[in-house]
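Atoms within a ligand are numbered from 1 in the order they appear, just like the ligands themselves. Remember, it's a predicted structure, so these values are computed and weren't measured experimentally.
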Amino acid sequence: MIDESGAVTRREAVALALVSGGAGAVVAGLPTAAVAAPAQAASETLLWYTRPAAVWTEALPVGNGRIGAMVFGGIGAERLQLNESTLWGGGPYDPVNPQARASLPEVRRLIFAGRYAEAEAYAQAHVMATPLKQTKYKSVGDLAITMLGVADAQARDYRRSLDLDAAEAETRFTQDGVRFTRTVVASAVDQVIAVRIAADKPGKVSLRLALTTGMKDSSVVVEGRDTIILAGRNESDEGIPAALRFAARVRVLTQGGTIASDGAAITVSHADSVTVLIAMATSYRRFDDVGGDPDAITRAQIAAASRRSFARIAADTAADHRKLFRRVAIDLGASPGRALPTDQRIAAAVTQDDPGLAALYYHYGRYLLISSSRPGGQAANLQGLWNESNNPPWGSKYTININTEMNYWPAETTNLPECVEPLVRLVRDLAVTGGRTAREMYGARGWVAHHNTDLWRATAPIDGAPYGLWPLGGAWLCTHLWEHYDFHRDTAFLASVYPLMRGACLFFLDTLQADPTSGHLVTNPSLSPENPHGHGASLIFGPTMDMEILRDLFDQTIAAAKILGTDAALSGEIAVARAKLLPLKIGSAGQLQEWPFDWDMGADDIHHRHVSHLYGLFPSDQIDLDRTPALAAAAKRSLEIRGDRATGWATAWRINLWARLRDGDHAHEILRFLLGPERTYPNLFDAHPPFQIDGNFGGTSGMTEMLLQSQGGVIQLLPALPKAWPSGSVRGLCARGGYTLDIAWRDGVLASATIVATRAGPATVRYNGVSQRIALVPGRPVELTQARFRSA
Ligand code: FUC
């Protein structure tokens, strides 16, 4: 089991002690449930608008990690677009190409001979997955709420909002002197989406409710007078037969008035208020088990939630959410945009600095992770949890050559370790399905995953050789297992994931090839994610990113084995292979080479969105300003050549990289672009474009890296503070080793930093180029001021 206690700040501990009378609620020095510190300034935790959403990227997301809704906030016609995270196309399948294993030697030979285009064509014909594409994430459908007697043109005082602290969407307006309010929450406690429609005068709520879906093999019926049931099967996808059953159940509870149904819809007349409960489920249990009973699950969820008032459900939703959300608060300084609706703030971001918008975006990233990735559920996919289409961009799957990893970049640093649990389970699944791919496609031990996966945990190379034939997806994900350990130092967790890391290593021990020219060990076939190298193809041997990921995987697995006291012989083998990996190289333009040859300046697109070779600088720390200054300078040169502007996620990656280079102003300049209307939709969703959630998470991570870093055993305070944020504070961030920090600064200078450790021992803390060893006792906060860092 993943550590679910998480880290909390001292302020929360104190608050908890006060609330609980100082006894009973603290386990091993840490509170088991955090009680909230006062909420953040509302303008930094509230999205709000003066018009209903006209399109999906203006609607507001709520989610409990498993089910979610996009709330449009219509006046006469409200639309809730609904998702359930396991409603995908197809069913269990194994796409390994039976020809692949016999064909790999020829692909390798052609690559080592420099015949890249031929290698790519041959690989395309002989080694790719069958089918060539994976399944797609789907939408359950829409709940339409037609407000009878309400006309858009006559409504006044309209406002809709999303409160990130309460996890609550609200729409309100008045008509003919009656104030209408609709509130929507997605409850992790009750496992329903709950909607309340109220008026401030009795008998004024009349409405019609209907459920529609794009899933063809399904039907809608009304049970009794108050329950709409949508039930059916999913659809086949890419030739993979449909195997899932799904159900959505909507129960209408009225206070006053009458209720009637016409077989397909429910009509409520003259109620004082109405509560709508929505449950959704599928028969998915695991990638190889679709034996669940969505009808029974949703029936039980609705029955249980019906016994509780909306007020209770909403209060519990907020309390549960705040346990995670309120661990971190951020204040980046005064904001001219504070009084503006969110869409206008985004539009203005191009011309004026709005630190409050950056803070709002920061909180939104944490809100989105809490809402789309909860223990027991699915990992956040390309759109997190929210998807309107049955044919979404890139299938709304898991692209594991950057996007899924980026989703989890802010998880540990911003004190949301629980949210990583679905990712850990995804890796556990991939180690099973990827074991088959390793064996059948490569004749290798261990397991492998290529550049994408889906609900069914497919691991073979898909889409096309220039994108798909990249065997490092699983290895990169394994570094997140180590990171989770490294932040919290929970040996039981490490023991539980060690077999996954070990299995990833075995695959590479069996498949690394000796480069005939240099003798170094390299991957082959592989590619530098999605970047054609200018020599007729993307396929190559030993791209820089592969070597960097393998160094991390090997080092972390050796370290894990040592901590766990196991596998000494295997660790020795891994160390030998690690020493033979192709080294990093600096090219003639002063850049870090992306490929084994000095090809960067002749690549098809020197401004390419992927900056894969800079993995070594971020998220890894193999490249470091202090420890490897020449490589850091080369990475900087590569970044300059690539340029600042790219797709949403690629823009966010650049912020993290410039933060690691400790250039806060450059990082901030890129952040301004990320926050502007070209890369941020009115609902603050990241625009690739189209919508892709990774940029949101990468943006939150980038801002964190500007304020606190902890790679390489050194906690760095304000390493990349931009001039645009002269005074501010952040509370509750986590550092590797089991530390939580609060940091405040004034006029660009550290005012104070409070550090709390979960383990005894010294920590190295650095500010403004000066490092200090700080002795720490678990749970006892130590406050540091600038004076501590004056002398070298
Ligand atoms: C990778 C990226 C694309 C997109 C897709 C989902 O393939 O290169 O830009 O983000 O994933």
Nearest 0.5 Å please: distance from the CH2 atom of Trp88 over to the CD atom of Glu235. 15.0 Å
Thinking salt bridges, do Glu640 and Arg637 make one under a 4.0 Å N-O criterion? yes
Under 3.5 Å: N/O of Arg609 near N/O of ligand 1: yes
Checking contacts here: is it the side chain or the backbone of [X] that comes within 4.0 Å of ligand 1, counting heavy atoms only? Could be both or neither.
X: His451; value: neither
X: Trp649; value: side chain
X: Asp694; value: neither

Atom 2 (C) of ligand 1: of His608, His610, Lys397, the nearest heavy atom sits on His610
Please report the shortest heavy-atom distance between [X] and [Y], naming the atom on each side.
X: Glu238; Y: Gln134; value: CG-O, 3.5 Å
X: Leu244; Y: Tyr284; value: CD2-N, 3.5 Å
X: Thr511; Y: Arg108; value: O-NH2, 4.1 Å
X: Gln378; Y: Arg457; value: OE1-NH2, 3.0 Å

Nearest non-hydrogen protein atom to atom 11 (O) of ligand 1, with distance, is Asn403 OD1, 3.1 Å
So which protein heavy atom does atom 3 (C) of ligand 1 come closest to, and at what separation? His688 NE2, 3.6 Å
Please list, in number order, the atoms of ligand 1 under 4.0 Å from a heavy atom of Glu530. 1 (C), 2 (C), 7 (O), 8 (O)
Could you tell me how the ring of Trp599 sits relative to the ring of His535: parallel (under 30°), tilted (30 to 60°) or perpendicular (over 60°)? parallel
Residue-ligand contact Leu382/ligand 1, heavy atom below 4.0 Å: yes
